[in-house]
Number of protein chains: 2
Amino acid sequence: MIAGMSHEPARASAIADLMRAGREMSRLSMVFRYAIAEQLGLTVSDLECLDYLADVESATAGQIAERTNLTTGAVTSMLRRLQQAGYVRAERDPADRRRVIVTLRPERAAELERPYEGFAKRAKQLIEGYNVDEVMLLARHYDRMQAMYLAELDRLRNGLPEAGVA
Amino acid sequence: MIAGMSHEPARASAIADLMRAGREMSRLSMVFRYAIAEQLGLTVSDLECLDYLADVESATAGQIAERTNLTTGAVTSMLRRLQQAGYVRAERDPADRRRVIVTLRPERAAELERPYEGFAKRAKQLIEGYNVDEVMLLARHYDRMQAMYLAELDRLRNGLPEAGVA
DNA sequence: TGCGGTTATCTTAATGACTAAGATAACTTT
DNA sequence: AAAGTTATCTTAGTCATTAAGATAACCGCA
């Protein structure tokens with residue numbers, strides 16, 4: 001149909017490779033995250049929470065519950081854990097005293113990054129072997145994958161209006 | 001240093017974009033997996049086990065324990081769950097009667113694929129927009145990322161001989 | 001053949017994160 | 001000030017998981 005008809009088999013097999021590699025990478029990224037959490041003596045939820053706090057600097061318990069897909073009750077005990085371990089400071093919002101404002105203790109932030117350092121270094125080396133176009137292709141691809149995940153999550157949670165193509 | 005010096009800032013920002021997008025995608029893939037498991041009324045470990053069985057056709061309890069990073073005790077009760085739910089058949093190996101051989105019931109396999117179907121369809125559409133070179137770049141990238149994950153997992157679990165660069 | 005050592009799984013008890021339901025406290029509107 | 005809403009906490013119970021050890025089966029060797 002398009003150019004390169006004679007390469008269709010190669011293309012089909014490349015696509016199959018890509019799909020398989022994508023699934024396997026997704027699985028490994030999850031195993032990796034579990035391993036990091038275990039190494040830090042945390043649960044994956046704890047790690048998720050701390051990563052979130054590193055991003056946003058401070059959040060309320062309710063925001064954390066939403067982000068981590070936990071109930072507020074679970075967040076309460078998670079925050080107790082994380083406070084006890086000294087990762088986090090929690091205090092009531094003076095402006096709205098129902099709210100609990102949680103912040104990551106900055107002196108502990110580096111400690112959370114440490115297990116990722118080896119990975120980050122390797123990733124950087126890998127990416128430095130790419131030219132700008134390749135980097136942009138990858139980033140654009142990741143962004144599109146993100147959009148897909150979000151759309152599918154929406155579909156899974158609210159009804160499932162079947163990804164309409166037409 | 002190399003060609004395209006004047007594009008260095010664009011390149012640096014593209015790299016930053018890629019790293020950020022990669023992290024976010026990894027996070028979303030995990031959230032997605034949790035959502036799928038929840039929709040099927042399974043734990044993530046159950047899903048991992050069933051995906052594994054779909055790959056290998058049959059495995060012993062011990063192999064499943066290794067693959068899922070669970071203790072054999074946890075695998076025992078997981079298998080009870082999965083048998084009860086009819087996903088899996090488990091029987092002793094006649095050749096070595098200590099072993100329990102587990103197989104996925106083929107008639108239930110499709111059911112497990114269903115939640116992924118929307119995602120798979122979208123992914124296929126996305127990939128069909130790429131040319132062969134792009135697909136191969138992506139697949140190669142994924143393969144390298146897999147290798148990185150495996151190397152880092154090794155480092156995390158056995159000592160940590162610090163990813164030597166020099 | 002039978003004995004020691006090893007392997008593979010299962011059992012049991014305890015742990016701990018999580019959920020659901022509802023209580024408490026604080027803010028907002030009228 | 002009362003009613004309604006919002007944000008978090010409490011409590012009780014569930015369930016996957018772990019750790020330790022029991023059980024059963026295999027293998028090699030005397």
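Each chain gets a letter, A, B and so on, in the order the sequences are listed, and its residues count up from 1. On a predicted model such as this, the values are computed, not experimentally measured, just so you know.
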Pairwise 5' ranking along DNA chain D for B:Gly73 and A:Gly73, keeping only the more 5' one: A:Gly73

Neighbour count above 12 (heavy atom, 6.0 Å) for B:Met136 CE: no

Over 12 non-hydrogen atoms of neighbours within 6.0 angstrom of CD in B:Gln84: no

Does CD in A:Glu111 sit with more than 12 non-hydrogen atoms of other residues, nucleotides or ligands closer than 6.0 Å? yes

Between B:Asp143 and B:Arg140, does at least one N-O distance fall below 4.0 Å, as a salt bridge requires? no

Determine whether B:Leu50 and B:Leu40 make a side-chain contact, defined as any pair of heavy atoms from C-beta on separated by less than 4.5 Å. no

Base contacts versus sugar-phosphate-only contacts with protein, heavy atoms under 4.0 Å: please encode nucleotides 22-30 of chain C as B, S and - from 5' to 3'. ---BBS---

How close or far is atom P of C:dC18 from atom CD of B:Glu38, stated in whole angstroms? 13 Å

If you check every side-chain atom of A:Thr76, which of D:dC9, D:dT18, C:dC10 has the closest atom? D:dC9

Write down the distance between CG (A:Leu42) and C1' (C:dG16), rounded to a whole number of angstrom. 14 Å

Between A:Phe32 and A:Phe119, what is the ring plane arrangement, given parallel below 30°, perpendicular above 60°, and tilted in between? tilted

At a heavy-atom distance below 4.0 Å, what parts of residues 47-70 of chain B sit against DNA chain C? B:Thr60, B:Ala61, B:Gly62

For atom CZ of A:Arg81 and atom P of C:dT15, their distance in whole Å: 17 Å

What salt bridge (Lys or Arg N to Asp or Glu O under 4.0 Å) pairs are there with at least one residue in residues 50-60 of chain A, not counting sequence neighbours? A:Arg33-A:Asp51

Quick one: does B:Leu112's side chain get under 4.5 Å of B:Tyr87's, heavy atoms only? yes

Tell me: CE of B:Met78 to P of C:dT9, nearest whole Å? 12 Å

Distance in angstrom units between B:Arg99 CZ and C:dT6 P, rounded: 17 Å

Classify B:Thr43 by what it touches in the nucleic acid, base, sugar-phosphate, or nothing, heavy-atom distance under 4.0 Å. sugar-phosphate

For B:Gln84 and D:dA16, give me the distance from atom CD to atom C1', rounded to whole Å. 15 Å

Could you check how far CD1 of B:Ile101 sits from P of D:dA25, rounded to whole Å? 15 Å

More 5' along DNA chain C: A:Thr71 or B:Val100, using each one's nearest nucleotide? B:Val100

Taking NZ, NE, NH1 and NH2 as the nitrogens, is one of them in B:Glu117 or B:Arg114 under 4.0 Å from a carboxylate oxygen of the other? no

